[in-house]
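The structure appears right after this line, and notes come after that.
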Amino acid sequence: MRYSKYFIPTYKEIPAEAEVTSHQLMLRAGLIRKLTSGIYTYLPAGLRCIKKVENIIRDEMNRAGAIELLMPAFQPAELWQESGRWDYYGRELLRFKDRHNRDACIGPTHEEIITDLVRKEIQSYKQMPVNFYQIQTKFRDEIRPRFGLMRGREFIMKDAYSFDVDDEGANRSYEIMHEAYSNIFGRCGLKFRAVEADTGAIGGSYSHEFMVLADTGEDQIISCTNCDYAANLEKAEVKPPELPSENGGQPMLTLEPVDTPHIKSVEEVTSFLGISPDRLIKTLIFVADKTVVAALVRGDHELNEAKLTAFLGAQSLELADAQLVEETTGAPIGFAGPAGLKVKLVADHAIKKMKNFVTGGNKKDVHLKNVNLDRDFEVDLFADLRIITPQDSCPKCGGEIQFGRGIEVGHIFKLGTKYSHALKALFLDEQGKEIPIIMGCYGIGVGRTVAAAIEQNHDKDGIIFPIPVAPFEVTVLPLQLHETAVKETAEKIYKELSDNDIDVLLDDRDERAGVKFNDADLLGIPVRVTVGVKGVKNGLVEIKMRGESASNSVPLQEASAIIREKVKSLYDSLK
RNA sequence: CGGGGCGUGGCGCAGUCUGGUAGCGCACCUGCUUUGGGAGCAGGGUGUCGGAGGUUCAAAUCCUCUCGCCCCGACCA
């Protein structure tokens, strides 16, 4: 490609709208432009990156035996009503009516569509296992789009759906995808980790997220320093505490109400009473699918709503509003306590161990001291309800855990029969018995993968693309275009590399050297070939790797071969 | 949805408090010089000041409404 005939509009200055590095650099390097919030045009060079990632994905998916197809973005409401998600999915689902006044939506994901296809086309166990995938534009009307391609409303996603006759097969399909994803992100040059994750709106029995490690990541992840356990913070299990051997030792003290005027928050109550937060119990009133539930966690712990939702088996979970809190507890917000509550009580395991603790008094400006489990109230169910803390140990091996941040670039789910059951995707097994297909689904954010690669690979001068993701593998910079020798040498190298299927960008613009160097650095092209008068006079050109500071001059005759070798070694280093 | 910030040429910004000819840098166009890390000089074009309404002799500036963008949060009592 000739720069002068191409379109890479770079910015010298950082656009005011961009906060995180990858977003800034994608705008500055001329990879993307914003149309409106969360919606971007992929400029030519940006599209090249996207296509490179897509092709790696395709290659690995095909290798894993998945079959590519392409489903519609337009989806009729009926299928979503059938799966139950028309009501459940919420406002992220972009809904509209067509000219016949029929409800429809733009697909944020395609479980319904693929399941509909499969239930019509697959009748026999002989047709499985099978895994269909597509690379397609999705639309999710995000609450808050941000960070450029990191969280857009319209974005390119690879989604795959596996169909198996039994659990064992489904697990195998899941493992194959796990493996394929590891290959894909490894080939993209990313430092990543697969972590256990919550299933969220997609549903299903278990899942893993593929996290690219980056401080600016939106997700918090924890990992064990001892074993291979790693999980999304909201998923990370907390080991139940070991119970004291003989009922706690210390005696129960007399229950005692205390006046706490306008003292509401954990912080206020603990400092007012001169106790530490782990002596207090927070009582949170929730509405789970229209039923009121009270959840108890220790004062210094944080309730994990994802866990509570999953534990209750609820579709939706919301914290009660002020009015409902008052109706339920008889007191304004800030004074709820478990004693005397008429609603279902669920409590975190840590509560079991506590003695003579403080709770709200269910009365304005009153808290209770020396409250005790079983004597003063009874808990319906205990569960792991809280967010893991650095003080907790690994739920698998008991080792020390560490916290980090990541960008979720891929997510795989074992769905089970959630959709096949709802949409009646059944097949006949060897005994002629009709049973639901076992499904799995697997997604990769293509644009987000490019953004994550930049987030993980950049310096003060710009992007340092891992070569498989880079828009071009090599850039050739003729510094003095008016010098015939320079121009011809650059053209020669350009041709030799192009003829050998190397993606080369020849910067044939009539620009000064500094401009070319800076743009090449900004765009992050892995190999830079500089052709200048002095070098050409001595039969030399200069080769510099974007990720290294040193450059070296090589004889012109060998240049093309050496460059190709450099390119190859960059790819090899990612195998 | 709540809070905060911002909308002035393609980009980055000043001007708004205190109303009075719309400015600066970069970019862009022309010419000359320059030519290995975002060149210099000279000349030039570029704006419905996000939009609507109002106040005023006069509005980028004051008032009202509205639209858009960015950031934080979204119930932790």
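Chain letters run A, B, ... following the sequence lines, proteins first and then strands; every chain starts at 1.
For the P atoms, the distance from B:rC24 to B:rC69 is 31 Å, rounded to whole Å. As rounded to the nearest Å, B:rU8 and B:rC70 have P atoms that lie 14 Å from one another. Taking the C1' atom of each, B:rA58 and B:rG50 are spaced 23 Å apart, rounded to whole Å. Across B:rG31 and B:rG36, the matching P atoms stand 22 Å from one another, rounded to whole Å. The same atom, C1', is picked in B:rC28 and in B:rU46; the two are 9 Å apart, to the nearest Å. Nucleotides B:rU21 and B:rA60 are separated by 14 Å at their C1' atoms, to the nearest Å. Distance noted for atom C1' between B:rG10 and B:rG47: 12 Å (whole Å). When the C1' atom is compared between B:rA27 and B:rU16, the two are found 27 Å apart, to the nearest whole Å.
By the 4.0 Å N-to-carboxylate-O rule, A:Glu154 lies too far from A:Arg140 to be salt-bridged with it. Residues A:Glu17 and A:Lys34 are paired through a salt bridge, judged by an N-O separation under 4.0 Å between the basic side chain and the carboxylate. The residues A:Glu542 and A:Arg528 are annotated as salt-bridged, a charged nitrogen and a carboxylate oxygen being separated by less than 4.0 angstrom. Look at A:Asp519 and A:Arg509 and you find a salt bridge, because one of the NZ, NE, NH1 or NH2 atoms lies within 4.0 Å of a carboxylate O, short of that distance. Remark: A:Glu491 does not engage A:Lys495 in a salt bridge, criterion side-chain N to carboxylate O under 4.0 Å.
Residue pairs that meet the ring pair (Phe, Tyr, Trp, His ring centres under 6.0 Å) test with at least one member in residues 367-386 of chain A, sequence neighbours left out, are A:Phe335-A:His367. Sorted by first and then second residue, the pairs that involve residues 336-348 of chain A and meet side chain to side chain donor-acceptor pair (under 3.5 Å), not counting sequence neighbours, are A:Asp348-A:Arg386. Applying the salt bridge (charged side-chain N to carboxylate O under 4.0 Å, His left out) definition to pairs two or more places apart or across chains, those involving residues 295-309 of chain A are A:Arg298-A:Asp300, A:Lys307-A:Asp384. The ring pair (Phe, Tyr, Trp, His ring centres under 6.0 Å) contacts involving residues 519-548 of chain A comprise nothing, where partners must be two or more places apart or lie in separate chains.
Looking at the side chain of A:Asp521, the nearest of the listed nucleotides B:rG37, B:rC75, B:rC71 is B:rG37. Nearest nucleotide to the side chain of A:Thr10, out of B:rG36, B:rG38, B:rG73: B:rG38. Of the candidates B:rC70, B:rG36, B:rG38, the closest approach to any side-chain atom of A:Val515 belongs to B:rG38. Listed nucleotides: B:rC72, B:rC76, B:rA27. Nearest to the side chain of A:Arg146: B:rC72. With B:rC76, B:rG36, B:rC26 as the choices, the nucleotide that has an atom nearest any side-chain atom of A:Leu479 turns out to be B:rG36.
If you check residues 330-342 of chain A against RNA chain B, the residues with a heavy atom closer than 4.0 Å are A:Ile333, A:Gly334, listed by number. The stretch residues 536-544 of chain A touches RNA chain B through A:Glu542, each having a heavy atom under 4.0 angstrom from the strand.
Closest-nucleotide positions on RNA chain B for A:Leu303 and A:Asp510 were compared, and the one nearer the 5' end corresponds to A:Asp510. Summary of the strand contacts: A:Arg509 and A:Phe147 both lie near RNA chain B, and taking for each the nucleotide with the nearest heavy atom, the more 5' one is attributed to A:Arg509.
At the phosphate of B:rC76, neither OP1 nor OP2 sits under 4.0 Å from any side-chain N or O atom of A:Ser265. Between A:Arg512 and the phosphate of B:rG38, there is no side-chain N or O to OP1/OP2 separation shorter than 4.0 Å. Note on A:Thr36: every side-chain N or O is 4.0 Å or more away from OP1 and OP2 of B:rG68. Between A:Arg386 and B:rC76 there is no side-chain N or O to OP1 or OP2 distance below 4.0 Å.
Applying the side-chain hydrogen bond (donor to acceptor under 3.5 Å, both in side chains) criterion to A:Glu209, with sequence neighbours excluded, gives A:Asn232. Residues passing the side-chain hydrogen bond (donor to acceptor under 3.5 Å, both in side chains) test with A:Arg375, sequence neighbours excluded: none. Every residue was checked against the side-chain hydrogen bond (donor to acceptor under 3.5 Å, both in side chains) condition with A:Asp521, not counting sequence neighbours, and none meets it. In this view, A:His301 satisfies the ring-ring contact (aromatic ring centres under 6.0 Å, His included) rule with no residue, not counting sequence neighbours.
Remark: P of B:rG68 and NZ of A:Lys34 are 13 Å apart, rounded to the nearest angstrom. Separating the NZ atom of A:Lys282 from the C1' atom of B:rC75 is a distance of 13 Å, rounded to the nearest angstrom. As a whole-Å value, the separation of A:Arg151 CZ from B:rC69 C1' is 18 Å. For the pair A:Gln480 CD and B:rA39 P, the interatomic distance rounds to 15 Å; values are reported in whole Å. The interatomic distance linking A:Tyr40 (OH) with B:rC69 (P) rounds to 10 Å, in whole Å. In this structure, CD of A:Glu142 is placed 16 Å from C1' of B:rC1, rounded to the nearest angstrom. One atom, NE2 of A:His482, and another, P of B:rC32, lie 15 Å apart when rounded to the nearest Å. Separating the CG atom of A:Asp461 from the C1' atom of B:rG37 is a distance of 9 Å, rounded to the nearest angstrom.
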Indicate every side-chain donor-acceptor pair of residues 474-486 of chain A with a distance under 3.5 Å to a residue at least two apart or in another chain.
{"unit_1": "A:Thr475", "atom_1": "OG1", "unit_2": "A:Leu505", "atom_2": "O", "d": "3.0"}
{"unit_1": "A:Gln480", "atom_1": "OE1", "unit_2": "A:Val533", "atom_2": "N", "d": "2.9"}

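Base engagement by A:Glu305 is indicated by at least one non-hydrogen atom pair under 4.0 Å involving a base atom. Residue A:Val266 is in sugar-phosphate contact alone, with no base atom involved, counting any heavy-atom pair closer than 4.0 Å across all strands shown. Residue contacts shown for A:Phe286 are absent, as no nucleic acid heavy atom lies under 4.0 Å away. Counting non-hydrogen atoms under 4.0 angstrom, A:Lys516 reaches nothing in the nucleic acid. Residue contacts for A:Arg528: at a heavy-atom cut-off of 4.0 Å it reaches a base atom on one of the strands shown.
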Base-contact (B) and sugar-phosphate-only (S) positions in nucleotides 2-12 of chain B, heavy-atom cut-off under 4.0 Å, - elsewhere: ---------BS

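Checking B:rC17 for Watson-Crick or G-U wobble geometry (two distances, each under 3.5 Å) identifies no partner in any strand. Of the nucleotides present, none pairs with B:rC76 by Watson-Crick or G-U wobble criteria with both distances under 3.5 Å. Of all nucleotides present, only B:rG5 satisfies the Watson-Crick or G-U wobble test against B:rC69, with each distance under 3.5 Å. Applying the Watson-Crick and G-U wobble criteria (two distances, each under 3.5 Å), B:rU48 pairs with nothing in any strand. Pairing for B:rA59 is absent, with no Watson-Crick or G-U wobble pair whose two atom distances lie under 3.5 Å. For B:rG38, there is no paired base (Watson-Crick or G-U wobble, both distances below 3.5 Å).
Under a cutoff of 6.0 Å and an axis angle of 45°, A:Arg95 and A:Trp80 do not form a cation-pi pair.
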